[in-house]
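The structure under discussion appears below in the form of structure tokens.
Throughout, residue positions are numbered sequentially from 1 according to the sequence presented. Please read these numbers as outputs of a predicted model, since none were measured by experiment.
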Amino acid sequence: MPNRTLIADGRTWSVFPSGRVTQYDMDEFGLIFMTGSGSDRVVRVTRYSPHGTRSREQSLAEMSDQDLVRLFDHSQPSDTSPEAGYLP
């Protein structure tokens with residue numbers, strides 16, 4: 001999976017598609033933002049609908065850093081998201 005790097009909230013984040021398939025497959029994709037390691041690891045998750053390309057990998061590659069920051073600003077903690085392993 002492709003990986004992007006983003007500086008937001010004073011940290012360097014790795015950004016990659018979640019790989020989770022939802023009922024909106026091909027219309028809505030999940031992104032995972034991850035920073036730190038071990039007990040200091042922070043994971044955030046968001047979903048987005050790409051414009052143009054419908055491939056998860058291609059849409060992430062085409063996204064501007066400004067768009068990634070916007071998505072990061074709307075992301076949620078991983079403990080509330082099925083993409084990061086949360087099960088209600």
Side-chain angles (χ1 to χ4, degrees):
M1 255 186 241
N3 185 327
R4 296 268 306 265
T5 302
L6 172 72
I7 297 176
D9 205 24
R11 296 179 171 187
T12 301
W13 298 81
S14 293
V15 185
F16 50 91
S18 70
R20 181 174 164 84
V21 177
T22 70
Q23 64 187 9
Y24 304 109
D25 186 38
M26 302 306 295
D27 288 331
E28 180 180 87
F29 304 142
L31 283 182
I32 294 181
F33 297 87
M34 188 180 304
T35 190
S37 62
S39 63
D40 292 330
R41 176 168 285 161
V42 178
V43 179
R44 298 189 61 84
V45 180
T46 194
R47 292 185 183 173
Y48 73 102
S49 295
H51 300 284
T53 301
R54 294 293 184 193
S55 158
R56 289 176 177 88
E57 293 81 7
Q58 189 65 33
S59 66
L60 178 58
E62 293 174 354
M63 196 177 302
S64 71
D65 288 345
Q66 182 179 7
D67 288 337
L68 279 177
V69 169
R70 181 182 52 80
L71 288 172
F72 176 83
D73 289 342
H74 293 283
S75 65
Q76 62 185 12
S78 64
D79 59 355
T80 63
S81 173
E83 282 93 334
Y86 167 75
L87 299 174

Task: Test item: L31 and L68 side chains (from C-beta on) under 4.5 Å apart, heavy atoms - done: yes
Open item on the list: Could you tell me if the side chain of V15 sits less than 4.5 Å from the side chain of F72, heavy atoms only?
Closed with: no
TODO: Considering non-hydrogen atoms only, spot the tightest contact between W13 and A8 and give its length.
DONE: NE1-O, 2.9 Å
Task: Closest heavy-atom pair and its distance - R4, M63 - done: NH1-O, 2.7 Å
- [ ] Starting at CG of L6, measure out to CZ of R11 and round the result to the nearest 0.5 Å.
- [x] 13.0 Å
Task: Verdict with reasoning, L71 to H74, per side-chain contact (heavy atoms from CB on, under 4.5 Å) - done: CA-CA 5 Å; L71 288 172; H74 293 283; 5.7 Å; no
Open item on the list: Taking I7 as the starting point, is it possible to reach F33 by hopping between hydrophobic residues whose side chains are less than 4.5 Å apart?
Closed with: no
Task: Closest non-hydrogen atom pair, L60 against P17 - done: CD2-CD, 3.6 Å
TODO: Could you please spell out the steps behind the side-chain contact (heavy atoms from CB on, under 4.5 Å) verdict for Y48 and S59?
DONE: CA-CA 10 Å; Y48 73 102; S59 66; 2.7 Å; yes
Task: Between CZ on residue R70 and OG1 on residue T46, distance to nearest 0.5 Å - done: 8.5 Å
Task: Gap separating the CD1 atom of I32 from the CZ atom of F16, nearest 0.5 angstrom - done: 4.5 Å
Task: R44 side, atom CZ; Q76 side, atom CD - distance, nearest 0.5 Å - done: 8.0 Å
Open item on the list: I need the minimum non-hydrogen distance between S14 and N3, along with the two atoms involved.
Closed with: CB-OD1, 3.8 Å
